[in-house]
Amino acid sequence: MNIAAVIVDVPAKQTDREFDYKIPDKWLGLIQPGMRVIVPFGPRMVQGFVTGLKDKSEFDKLRQIKEPMDLEPVLNSELLQLGNWLTLKAMCFKISALQAMLPSAMKAKYEKVLKVTGDKKNLLDPEVQRFLANHDSISWKDVINGGETVRFQKEVQKGNVEVIYQVKNRMNKKKVKMVETILSVQEMKDMMSSLSANAKKQQEVIQYFIEHQEKIQLKDLLEATGASNSTIKTLVDKKVLRESDEEIYRNPYENRTFEKSNPFTLTDEQAAALSPIVASVEKDEHDVFLLYGVTGSGKTEVYLQAIDAVLKKGAEAIMLVPEISLTPQTVKRFKERFGEQVAVMHSGLSVGEKYDEWRKIHRKEVKVVVGARSAVFAPFENLGLIIMDEEHESSYKQEENPRYHARDVAIERAKNHKCPVILGSATPALESFARAQKGVYQLLPLTRRMNNHPMPSVEIVDMREELRGGNRSMFSELLFEKLKVRIERGEQTVLMLNKRGHSSFVMCRSCGVVLNCPNCDISLTYHRMNHSLKCHYCAHEEKMPSICPECSSDHIRFFGTGTQKVEEEITKLLPEARVIRMDVDTTSKKGSHERLLQAFGEGKADILLGTQMIAKGLDFPNITLVGVLSADTMLHLPDFRSSEKTFQLLTQVSGRAGRHELEGEVVIQTYTPEHYSVELSSYQDYDSFYEREMFIRRQNHYPPYFYMAMVTVSHEDLMKTVATTEKITQFLGARLSKGAIILGPVASPISRINNRYRYQCLIKYKREPELQSLMRSILEHYQQETAQQKLQINIDLNPQIMM
DNA sequence: AGCACGCCGACT
DNA sequence: GTCGGCGTGCTC
């Protein structure tokens, strides 16, 4: 077994297969499947994953593995197999699937360095010598930036300079310097007397080690003794002390303490939901449970106790939460119950912190991981349970390659491990609820709120009426009155502005022109910070004009009610109200999300104003009013799921009110009060919504009645884009069954991004066993053109967003 | 993806 | 006659 099959880090169709390498004798037995290695590939070095070992290769001129990057496999056999599954499911390259399962810190960083060969320095072109100054190596990037490529290439040809390809980890293990003594106490005491009298600091350090023999961090030792680095160095040279580097974990929760919490007594409903889960955990059975519980019904406690059962049998659990709700509140509940056994994975952590949390899992130092989408790949080997909270959330679908849905991955992994999956939601995705109805998933309902708190009362305000009544502000009279009362009573309010759809776009009031991005067919967004206009799809940015570029009128201004504008209006109307605003602007800095929520929780504000990000996971006892400023902004998006999304969002945000002793009220402002998703969300009536929406889905042949696949084609040339999409559409039309519905080619809802036109073709189908291979052959057919970046073809086998 | 190789046009 | 443009094909 001295040959390794390796998937190299070159995401291209032609290299999307195993390459064989000889394992050098010194690494024999050490190199295992699942390890990352550095291998020569053509003229350069690349990272690769060992996927298998063998004795023979079809290929006879094998090259050798240069070196391993890991001492132990980073992907176990289950994850390697999952990688193959993911490759098929997401139609991505094998390398992309493997890399998606690891923290980004483990992606390779490549550097090309030029180094002067041996003693050839004085043979170099004087210009080259000058450019090198007194270094004997230089990064290729610097050579390009300095415009010296030609001269250096000549030197390379002459053999005066050699090219070195380096492959490095993106992130290193964090290390600290430790100091310890290598002498006995007696030896140190002897030493003390022989030291000269003016070596005061050395004496103090030795005295310290006479009193404490343990290893200590250099930093702490310096602090404790007042000695300096040079003193320590002297003592190291005198062979009194020894310095060493020790790996440590970056700890994002360093300054937090978590008080141990104990399981609560469950309500009858909770207990009834928990028992089949525990039974399944104990019997090592694969089941999918849909925990369908109204907001505030105590789903989290069921999760916690289910995990408890998993830990009791010595297994591990993955707890998935949507990115946005990974607030300290959520983390806290898990850390309080399971203490040091919990690792946390979410985008708020730095690359290094994520890497360290991952290593804790890999080294089996933790048993539970709480994290967003990618945590579904946590390298546990004895998985006992996977939980997906708020399973309807769209953030579980990765919208870039590999386009996987964490729900599918969770179920696939649970099958491999013979363990249950819990999908939890107050407003399940229609696909999930339909499966529960069919008995594919097991439905576990929680119909009542904890301690029998009533559901909040919801009032819908028709904003058209308000306008007719002469109220042109963004607050209806009702909402404003209720808001005033809360402030008088010292209770808290959550105001949600559903900004998606149209944010603060800029329009001329004279000629009606809307300012669009020159590269993308999308309106520019006004940013107050630097008084500029930005495109959210490309990097385009321009100054806010003072006159309309079309008609030169100065009646140009930004529209759309941004959170900033709402905040200004509140300050005008209720100057005494303290407002915390949460949106992309105020939460972009690391940890600011947490800080703002904490401040609100501590009662430092009366109003929490924000976008969707405040709809989930908030659980503060003092919130008695929730206001939705405009419920219907996302209702009219060109997406068949927009009703579902609206219903879910309104129901979720309403659930923020009255979760504790105080009763809650909700005011929903809308221009379409008659729409069923607005109306039914006010009764929190998921079941009726489900019936209504399923009827529409059936009529229009949408999921869950049909599966979907979407092909998006983009090219700089509009005609080429249309023609290619047309060809693909015809190709599929001729080969798919009669039951398949093929829509297209049509322009994407965002018809141009970064000067590339976008067309799409949507396939709705019930059963197409050939679909995957047809899609593969499409990709293959256009391989050359896509490789040259002229053409882009994106295939999503389960699109969540129609853009 | 890189990178080498190789085949054609415009320069010393 | 050579330099350098980019299309073509390969990487164990």
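In what follows, every chain begins at residue 1, and chains take the letters A, B, ... in the order their sequences are listed.
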Do Glu72(A) and Arg363(A) meet the salt-bridge criterion of a basic N to acidic O distance under 4.0 Å? no
Both Lys154(A) and Lys790(A) contact DNA chain C. Which one's nearest nucleotide lies toward the 5' end? Lys154(A)
Just checking Ala787(A): base, sugar-phosphate only, or nothing, at a heavy-atom cut-off of under 4.0 Å? sugar-phosphate
Could you say whether Gln788(A) or Val150(A) is positioned toward the 5' end of DNA chain C, judged by the nucleotide with the nearest heavy atom to each? Val150(A)
Atom CD of Gln153(A) to atom P of dC5(B): distance rounded to whole Å? 13 Å
Ignoring backbone atoms, establish whether Tyr165(A) has a side-chain N or O less than 4.0 Å from OP1 or OP2 of dG2(B). no
Hey, is NZ on Lys121(A) packed in by over 12 heavy atoms from elsewhere, all under 6.0 Å? yes
Base, sugar-phosphate, or nothing for Glu58(A), non-hydrogen atoms under 4.0 angstrom? nothing
Start and end of chain A contact along DNA chain C [non-hydrogen atoms, under 4.0 Å]: dC10(C) to dC12(C)
For Gln14(A) and dA1(B), give me the distance from atom CD to atom C1', rounded to whole Å. 10 Å
Once you apply a heavy-atom cut-off of 4.0 Å, does Phe41(A) come out as touching a base, just sugar-phosphate, or nothing? base
Using a 4.0 Å heavy-atom cut-off, does Lys13(A) contact any base of the nucleic acid, only the sugar-phosphate backbone, or nothing at all? nothing
Ignoring hydrogens and angles, state whether a donor on the side chain of Ser394(A) or Gln800(A) is under 3.5 Å from an acceptor on the partner side chain. no
Go through the N and O atoms of the side chain of Arg44(A) and the base of dA4(B), and report whether any donor-acceptor pair is under 3.5 Å. no
Once you round it to whole Å, what is the distance between P of dA1(B) and CD of Gln783(A)? 11 Å
Can you confirm if the NZ or CZ of Arg44(A) lies within 45° of the ring axis of Phe41(A) and under 6.0 Å from the centre of its six-membered ring? no
Main-chain N/O of Ser395(A) paired with Arg373(A) side-chain donor or acceptor, under 3.5 Å: yes
Answer yes or no on whether Lys397(A) is positioned over the face of Tyr404(A), meaning its NZ or CZ is under 6.0 Å from the six-membered ring centre and within 45° of the axis. no
Using a 3.5 Å distance criterion without hydrogens, assess whether the side chain of Arg756(A) forms a donor-acceptor pair with backbone atoms of Cys520(A). no
Starting at atom CD1 of Ile95(A), determine the distance to atom P of dG2(B), rounded to an integer number of angstrom. 13 Å
